[in-house]
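In what follows, every chain begins at residue 1, and chains take the letters A, B, ... in the order their sequences are listed. When reading the values below, keep in mind they use all heavy atoms of this one structure, side chains included, and skip hydrogens, waters and symmetry mates.
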Amino acid sequence: MSTEFGKGCHLHLIDGSAFIFRAYHALPPLTRKSDGLPIGAVAGFCNMLQRYVEGNTGPDAPTHVAVIFDHKGKTFRNDLYDLYKANRPPTPEDLRPQFPLTRDATRAFNIACKEVEGYEADDIMATLACQARDAGGRCTIISSDKDLMQLVGGGVEMLDAMKNKRIDRDGVIEKFGVGPERVVDVQALAGDSVDNVPGAPGIGIKTAALLINEYGDLESLLDRAAEIKQPKRRQTLIDNRAQIEMSKTLVQLDCEMQLDFTIGDLEVRDPEPEVLLGFLAEMEFRTLTKRMADQLGQEPPVITEPAAVAAAPIEAVPFDRDAYTCVTSAEELQPWIDRIQQRGWVAVDTETTGLDSMVVDLVGISLCIEPGEACYIPLTHRAAAADDLFGSDELAEGQMPLAIALEMLKPVLQDPAILKIGQNMKYDAKILHRYGVDIAPIDDTMLMSYALHGGLHNHGMDTLSDRYLDHTPIPIKPLLGAGKSAITFDKVPISDAVPYAAEDADITLRLWQLFKPKLHLSQVTTVYETLERPLIPVLATMEMHGIKVDRDTLSRMSNAFAQKMAGLEDEIHALAGRPFNVGSPKQLGEILFDEMGLEGGKKGKTGAYATGADILEDLAGTHDLPARVLDWRQLSKLKSTYTDALQDHINADTGRVHTSYLQTGANTGRMASSDPNLQNIPVRSEEGRRIREAFIAEPGNVLLSLDYSQIELRILAHVAGIDTLKQAFADGLDIHAMTASEMFGVSMDEMTPDIRRQAKAINFGVIYGISGFGLARNLRIPRAEAQGFINRYFERFPGIRTYMDATVEFAKEHGYVQTLFGRRIHTPEIAAKGPRAGFAKRAAINAPIQGTAADVIRRAMIRMPDAIAHLPARMLLQVHDELLFEVPEAAVEETIATAKSVMENAADPAVHLDVKLIVDAGRGANWAEAH
DNA sequence: GACATCACG
DNA sequence: GACGTACGTGATGTCC
């Protein structure tokens, strides 16, 4: 949303850095109780914002507001004078981690938050103040920094928030002895010891004002310096002319910065109570949370008291498999429960009869409270049978009844004051849910590692234990066996199960102790707490709902495909002159290139002929056989992967298919779906799309598909700051046609589908880290021509080049890139030599775009359950930029409106995108119709 | 278990 | 100047 700024409007600019430093020095070094994160400055900052917001009433209230921060690192003034601000004391160590939190705080108050690399906050405020004045509006700069006084006048004033004193033209004259327009002249002469601006030695503000008033301005003074009567003063000005002129450029603020936003974007917005209170509670500001809740008329969220601080250092306790306890009775379990309640947290792991959490049975539970102290509670292990062929239905000796164990553990597992720690908690949560336990609150070491180490390695327990605990866990293979003779965990003897299961909980607890403090050191606490952890229950619910799949439809299709394939196979064999396995690329290659002598060489390290679709398509013009093979392959894929395999995934109890989402599946922040993968159900080909007819809604319901339109290109337009693209999206243009029009000089009316198609390929190529070769292959055009397209694209949209170069540079410097929401994707290969460098570069360019899009839909998914709680709608699937719902017909319209709004506003308030997100909706009795 | 292929965003 | 290249996934069948 953005409104025009003009007459009658009033812009407030808050000097964020001044707020931070004042807050930091005004308060004792407070730390967050739960983890020791320093938060004193953030607390003071929030208090100041709260008081500011509270006092914003009456005729003087702002219509627009922003908090302006200094961007970290050097500014253009350092290029002018390398000693600029060189004698500033270094930033205190405990203040550093608080800088990003003050940005978070600002956004939590729903106030615009701006900073620009290479510039100081003062320049941004100067530019905005000038813009506000030129537009005929008012501007109040909330700061007492004298460097800003040059801006006063013509509707611009300053406000010293501490003294609640307005500074107008008279105030400036009082301070500098000259009007605002001559302040820089005085500063250039007087210098500034704080900012290390040299000025003229021996001349202070008083003398400077005297001189400027006498000679009119600095230039005249310097030109006529010889006329000065006092000899010392005269000599100083003559000797130091260059230094004085340089000082003026240092203190002169830049009123003409190019900003990627307008004042209109800074419109005052009310805080969203949920977001603001959530942030304050996360910071554990008890008093402020309450005060703010009162002010907003909301119930304050509960901030749990953290339990006593963690125990022995991790290295101090060696792993000891013999030290683990087997809990066999209620009497033995009770002391563990007592200790968990004292401690306030526990690592939990469940053992089950398999991997399909919708089907398998609970076999046992392990717990760990302190490193090295873990227990396993066997519950449904089977007794070894005499013949040992089929096992026994009898429970093994030495186990407490499942019902009793659950009855005792349930209060602990559901206790809001006890944190349950797990590795891949979604799995355990789903299992426990089937036994009537809704586990919460939780932490998940797998997701912590994903937030910390995304891109470096996978996040399975074995990997993490090896890497971070220097300990190889007991392998499961020897216990279960492999292949046909594999057994399920309930058949494992309890004596073998105890060390294995208890060790998993032990490892999980140790990883948690290690990762928890690392989260905020790496500044990914927010990612973990707002993008990862809250998604667990959302995904668990979606997976448990599943989607209805009609077996008969699939079965009919399968038969039809089989028939067609048989026909094609005969044709292919006839064309080849002999029968062969059409499904074997090796045999096909030999037929095509050796026996039939078609053009096209060997490829790949294995020496086999490449027979991919692109190659066969090229050959299809010369011969019928490759064309038939392409048809056959398409059918074969559809039949084996979809119509056949999908049927095996229909749950016998629910009649639905329950996929499993792997939250840590993709390095970019995307999720992966497996068993079955429901993120790659065919849609591009007409025949393939019919598979989706088998995905249906329950009677009386419809499937609802909501998908983001061009989300990655929109994000690219935002992050690379491409005004033409932003405008095109704002105008609702066909973005590929617009690109074509810009690049090829074709007007939109003269657009042909082919030109548009080429532009579309380029747009996608850009997102992927374009190369001439890649584009040439994709468009099947000469490489030089493709390179020409790319060059023209970069000429037309120079910001894209800049973005790409800057991203790669960032990756080289930091070893990671990040999304707009702070997710870090590590790029360990970025320094590699040879072709691997190319891969790493393109991945680094793509990751922030793909990752930001992934973060956006995650935020939407996390908010969705509450948003649609009043509706009979259920969220079923996520396909990267699409959410699929099942909803009774009567509630369709309201569900569309609600869910669409959640999705379109998902970036707010954490990130304000310059480009609106648009969501398209479709509905139908099945997925083919809905999409 | 590696490889090739192909389904999706 | 040459290198090989679109980004991110999962499932299937062949072949060793």
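- If you check every strand for non-hydrogen atoms under 4.0 Å, A:R689 touches nothing.
- Using a 4.0 Å cutoff to heavy atoms of chain A, the contacted part of DNA chain C runs 5' to 3' from C:dG4 to C:dC16.
- The existence of a salt bridge linking A:R780 and A:D614 is excluded, since no basic side-chain nitrogen approaches an acidic carboxylate oxygen closer than 4.0 Å.
- Residue contacts for A:N680: at a heavy-atom cut-off of 4.0 Å it reaches a base atom on one of the strands shown.
- A:D648 pairs by the side chain to side chain contact (heavy atoms under 4.5 Å, CB included) definition with nothing, not counting sequence neighbours.
- When only modelled atom types and interatomic distance are considered, A:D594 and A:Y609 share a side-chain donor-acceptor pair under 3.5 Å.
- If you check every strand for non-hydrogen atoms under 4.0 Å, A:G769 touches nothing.
- Atom P of nucleotide B:dA7 and atom CG of A:L646 are separated by 16 Å, given to the nearest angstrom.
- Using a 4.0 Å heavy-atom criterion, one finds that A:A761 contacts the bases of the nucleic acid, with or without backbone contacts as well.
- Residues A:T659 and A:S673 bring a donor and an acceptor atom of their side chains to less than 3.5 Å of each other.
- Both A:Q850 and A:F773 lie close to DNA chain C; mapped to their nearest nucleotides by heavy-atom distance, the more 5′-ward contact belongs to A:F773.
- For A:R670 and A:E712, the salt-bridge test passes: some basic side-chain N is under 4.0 Å from an acidic carboxylate O.
- No engagement by A:D707 is indicated, since no non-hydrogen atom pair under 4.0 Å with the nucleic acid exists.
- Counting non-hydrogen atoms under 4.0 angstrom, A:A847 reaches nothing in the nucleic acid.
- Classification of A:R756 and A:D734 as a salt-bridged pair holds, one side-chain N sitting under 4.0 Å from a carboxylate O.
- When rounded to the nearest whole Å, the span between CG of A:N581 and P of B:dT5 equals 14 Å.
- Taking atom P on both C:dG4 and B:dC6, the two are 24 Å apart, rounded to the nearest angstrom.
- A salt bridge links A:K426 with A:E543; the closest basic N to acidic carboxylate O contact falls under 4.0 Å.
- Among the protein residues, A:I770 comes within range of the nucleic acid bases, having at least one heavy atom under 4.0 Å from a base atom.
- One can place NZ of A:K637 at 9 Å from P of B:dC8, the figure rounded to the nearest angstrom.
- Across all strands, A:G765 comes closer than 4.0 Å to base atoms (heavy-atom distances).
- As judged by a 4.0 angstrom heavy-atom cut-off over every strand, A:E712 is placed among residues making no nucleic acid contact.
- You'll find the ring centres of A:Y816 and A:F810 inside the 6.0 Å limit.
- Nucleic acid contact class of A:S673 (heavy atoms, under 4.0 Å, all strands): sugar-phosphate only.
- Atoms CD (A:E687) and C1' (B:dA7) sit 14 Å apart, rounded to a whole Å.
- Regarding A:R692, its CZ atom lies at a distance of 13 Å from the P atom of B:dA7, rounded to whole Å.
- We find that CZ of A:R633 is positioned 8 Å from C1' of B:dA4, with the value rounded to whole Å.
- Ring to ring, A:Y793 and A:F797 are close: their centroids are under 6.0 angstrom apart.
- Nucleotides B:dA7 and C:dC3 place their P atoms 32 Å apart, quoted to the nearest Å.
- Looking only at atom types and distance, the side chain of A:H658 has a donor-acceptor partner in the side chain of A:T654 under 3.5 Å away.
- Atom pair A:F764:CZ and B:dC8:C1' shows a separation of 13 Å (rounding to whole Å applied).
- At the heavy-atom level, A:S771 lies under 4.0 Å from base atoms of the strands shown.
- Among the protein residues, A:D881 comes within range of the sugar-phosphate backbone only, with heavy atoms under 4.0 Å from sugar or phosphate atoms but none that close to a base.
- As judged by a 4.0 angstrom heavy-atom cut-off over every strand, A:I681 is placed among residues touching the sugar-phosphate backbone only.
- Geometric assessment of A:R796 against the ring of A:F794 yields a negative cation-pi assignment under the 6.0 Å and 45° thresholds.
- As a whole-Å value, the separation of A:Q878 CD from B:dC8 P is 17 Å.
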Problem - Base-pair map of DNA chain C as dot-bracket, where | denotes pairing with a different strand and pairs are Watson-Crick or G-U under 3.5 Å - result: ......|||||||||.
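- Across all strands, A:E882 comes closer than 4.0 Å to no nucleic acid atom at all (heavy-atom distances).
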